[in-house]
Amino acid sequence: MEIKSLPVGTGTRLQASGSRPKRVRTINKTSSVIPATLISLVILTIYGFYSFDYKDINFANAALSTVENVKTMFLEPKFSHFTFGKAVYQVAVTLGLGFLTTLFGAVIALFFGLLAAQNLTNKKVSTAIKGVVTFIRSVPTVLWVLIFAVAAGLGSEAAVIGMTFHSVGYLIKAYSEAFEEMDEGIIEALRASGANWWQIVFQAVIPSTITYLISWTFLRFEINFAVAVAMGAAAGAGGIGFDMFMASGFYYAIREVGVITYFILIVAIVLELAATRIKQNLKTRG
């Protein structure tokens, strides 16, 4: 039986003629970095838990106390420092903050999303915008709010600017990808008929992708509502998040924290149901 030699570096073992070659996994830097990183994280985690100064902590008592606090929080909710009407008003403030930042972000992102789509602009402009957007999205929203708070001060202004900034980066990526998935033949046909850039955008691009744009925008609104709750505490933006911060960190009113949690949960469920309904209607019309 004749033995054929194979070129070195193909990752295939020498096999007898006529037999099926077996692929051999080659070891390179890319395949070794990920396992090495995971192993290092596991070792550091184990070392961290081992080196903690636990002192006289009783984990059994701590667990029982936590369960008791959670039980009191959710099974015995009670208003202590504000009324039902004020809670509804504060939820409305948080919703308004989320809606305002989403609206500003969507308007700005729509224009830059068109410029970021490679089928609607040149490659250099698209690459530049996507590079900036990647940097914006890599920084958490809370950090952007704190950065703008240096100039505007802690409050609703810094929260609106920071949340809008991150929303723009998020929606530009979502919008541009929706535009790039369009049928290229439609755009080419309009260009061949003499349509200019704006005519292509308003007669073909936006009508063809409107369902995706609405879906992504509403998803961002849900995210911004959750972020607005956190910003109420972290940046003093007001709303139900600030009341939760005061109830938990200042008054230590566990029952009141439970009431606020229920309010936030109800709004989140309503938003999710509304998003599902909108998506179903868009699919039906489409």
Trainee: Give me the atom names and distance for the closest heavy-atom approach of Val201 to Pro207.
Mentor: O-CD, 3.9 Å
Trainee: Which residues pass the side chain to side chain contact (heavy atoms under 4.5 Å, CB included) test with Leu75, not counting sequence neighbours?
Mentor: Lys71
Trainee: Are any side-chain N or O atoms of Thr94 and backbone N or O atoms of Ile240, one a donor and one an acceptor, separated by less than 3.5 Å?
Mentor: yes
Trainee: Could you tell me which residues satisfy side chain to side chain contact (heavy atoms under 4.5 Å, CB included) with Ala149, sequence neighbours excluded, listed by chain and number?
Mentor: Leu154, Ala158
Trainee: So Phe179 and Leu213, side-chain contact (heavy atoms from CB on, under 4.5 Å) or not? Walk me through it.
Mentor: CA-CA 9 Å; Phe179 298 149; Leu213 301 183; 4.0 Å; yes
Trainee: Distance only, no hydrogens: is a donor on one side chain within 3.5 Å (strictly under) of an acceptor on the other, for Tyr175 and Thr217?
Mentor: yes
Trainee: What's in the same ILVMFWY side-chain cluster as Tyr252, cut-off under 4.5 Å, chained through other members?
Mentor: none
Trainee: Got a sec, which residues hit side chain to side chain donor-acceptor pair (under 3.5 Å) with Glu180, two or more places apart in sequence or on another chain?
Mentor: Lys130
Trainee: Show, in sequence, the C-alpha distance, side-chain angles and deciding distance for Thr102 and Phe225, and conclude whether the side-chain contact (heavy atoms from CB on, under 4.5 Å) test is met.
Mentor: CA-CA 9 Å; Thr102 304; Phe225 171 74; over 6 Å; no
Trainee: Quick check against the 3.5 Å criterion: does Thr101 have a side-chain atom that pairs as donor or acceptor with the backbone of Gly98?
Mentor: yes
Trainee: So, using side chain to side chain contact (heavy atoms under 4.5 Å, CB included) as the criterion, who are the partners of Ala230 when residues are at least two apart?
Mentor: none
Trainee: Determine, stepwise, if the pair Ser167 / Arg220 fulfils side chain to side chain donor-acceptor pair (under 3.5 Å).
Mentor: CA-CA 7 Å; Ser167 297; Arg220 185 63 205 188; 3.2 Å; yes
Trainee: So does Ala117 get a backbone contact from the side chain of Thr121, meaning a donor-acceptor N/O pair under 3.5 Å?
Mentor: no
Trainee: Taking a hydrophobic cluster as the set of Ile, Leu, Val, Met, Phe, Trp and Tyr residues connected by side-chain heavy atoms closer than 4.5 Å, whether directly or through intermediates, do Val270 and Ile278 fall within one such cluster?
Mentor: no
Trainee: Let me confirm one number: the CD1-CG distance from Ile206 to Leu114, rounded to the nearest 0.5 Å.
Mentor: 6.0 Å
Trainee: Indicate the atoms forming the closest heavy-atom contact of Gln118 with Ser126, along with that distance.
Mentor: CG-OG, 3.2 Å
Trainee: Do you reckon Phe202 sits in the same ILVMFWY cluster as Leu110, going by side-chain contacts under 4.5 Å, direct or chained?
Mentor: yes
Trainee: Say whether Ile266 and Ile264 are linked into one hydrophobic cluster, either directly or through other cluster members, by side-chain heavy-atom distances under 4.5 angstrom.
Mentor: no
Trainee: Between Phe74 and Tyr262, what is the ring plane arrangement, given parallel below 30°, perpendicular above 60°, and tilted in between?
Mentor: perpendicular
Trainee: Show me the pairs that pass salt bridge (Lys or Arg N to Asp or Glu O under 4.0 Å) and involve residues 165-178, at least two apart or across chains.
Mentor: Lys173-Glu177
Trainee: Working to the nearest 0.5 angstrom, can you tell me the gap between Asn119 CG and Ile200 CD1?
Mentor: 10.0 Å
Trainee: For Thr141 versus Gly162, what's the shortest heavy-atom pair and its separation?
Mentor: CG2-O, 4.3 Å
Trainee: More than 12 non-hydrogen atoms from neighbouring residues, nucleotides or ligands closer than 6.0 Å to CZ on Phe112, yes or no?
Mentor: no
Trainee: Mark yes or no for whether Thr209, through its side chain, and Val205, through its backbone, hold a donor-acceptor pair below 3.5 Å.
Mentor: yes
Trainee: Which heavy atom in Ala109 sits nearest to a heavy atom in Leu171, and how many Å separate them?
Mentor: CB-CB, 3.5 Å
Trainee: Could you go step by step and tell me if Leu120 and Leu115 meet the side-chain contact (heavy atoms from CB on, under 4.5 Å) rule?
Mentor: CA-CA 7 Å; Leu120 297 174; Leu115 296 179; over 6 Å; no
Trainee: Measuring from Thr72:OG1 to Lys78:NZ, what's the distance to the nearest 0.5 Å?
Mentor: 12.5 Å
Trainee: When hydrophobic residues are tied together by side-chain contacts of less than 4.5 Å, even through go-betweens, does Ile187 share a cluster with Trp198?
Mentor: yes
Trainee: Calculate, to the nearest 0.5 Å, the distance between atoms CE and OG belonging to Met73 and Ser248 respectively.
Mentor: 8.5 Å
Trainee: Can you list the residues that meet the side chain to side chain donor-acceptor pair (under 3.5 Å) rule with Arg137, with sequence neighbours excluded?
Mentor: none
Trainee: How is the hydrophobic cluster of Leu143 composed, in terms of its other members, when Ile, Leu, Val, Met, Phe, Trp and Tyr link through side-chain heavy atoms under 4.5 Å apart, directly or indirectly?
Mentor: Val132, Phe135, Ile136, Val139, Trp144, Ile147, Phe148, Ile161, Phe165
Trainee: Identify the heavy atoms of Ser176 and Ala116 that sit nearest to each other, and give their distance.
Mentor: CB-CB, 3.8 Å
Trainee: Looking at CD1 of Ile108 and OG1 of Thr164, how far apart are the two atoms once the value is rounded to the nearest 0.5 Å?
Mentor: 7.0 Å
Trainee: Could I get the full list of ring pair (Phe, Tyr, Trp, His ring centres under 6.0 Å) partners for Phe99, not counting sequence neighbours?
Mentor: none
Trainee: With a 4.5 Å heavy-atom cut-off, do Ile210 and Ile214 have their side chains touching?
Mentor: yes
Trainee: Under 4.5 Å between side-chain heavy atoms, counting indirect links through other Ile/Leu/Val/Met/Phe/Trp/Tyr residues: same cluster for Leu265 and Leu273 or not?
Mentor: yes
Trainee: Can you check side-chain contact (heavy atoms from CB on, under 4.5 Å) on Val227 and Met231, steps first, answer last?
Mentor: CA-CA 6 Å; Val227 173; Met231 291 303 98; 3.9 Å; yes
Trainee: Indicate the atoms forming the closest heavy-atom contact of Ala275 with Glu222, along with that distance.
Mentor: CB-OE2, 3.2 Å
Trainee: Quick one: are Leu95 and Leu271 in side-chain contact, heavy atoms under 4.5 Å?
Mentor: yes
Trainee: Taking the hydrophobic residues Ile, Leu, Val, Met, Phe, Trp and Tyr, and joining any pair whose side-chain heavy atoms are under 4.5 Å apart, which ones share a cluster with Val42?
Mentor: Ile46
Trainee: So which residues get pulled into Phe250's cluster when ILVMFWY side chains under 4.5 Å apart are joined, directly or through others?
Mentor: Phe242, Phe245, Met246, Tyr251
Trainee: Which value, rounded to the nearest 0.5 Å, describes the distance between Ile223 atom CD1 and Phe218 atom CZ?
Mentor: 12.0 Å
Trainee: Would you be so kind as to tabulate the donor-acceptor pairs closer than 3.5 Å made by side chains of residues 79-93, with sequence neighbours excluded?
Mentor:
from, atom 1, to, atom 2, distance (Å)
His81, ND1, Glu256, OE1, 3.1
Thr83, OG1, Lys86, N, 3.4
Gln90, NE2, Asp243, OD2, 3.1

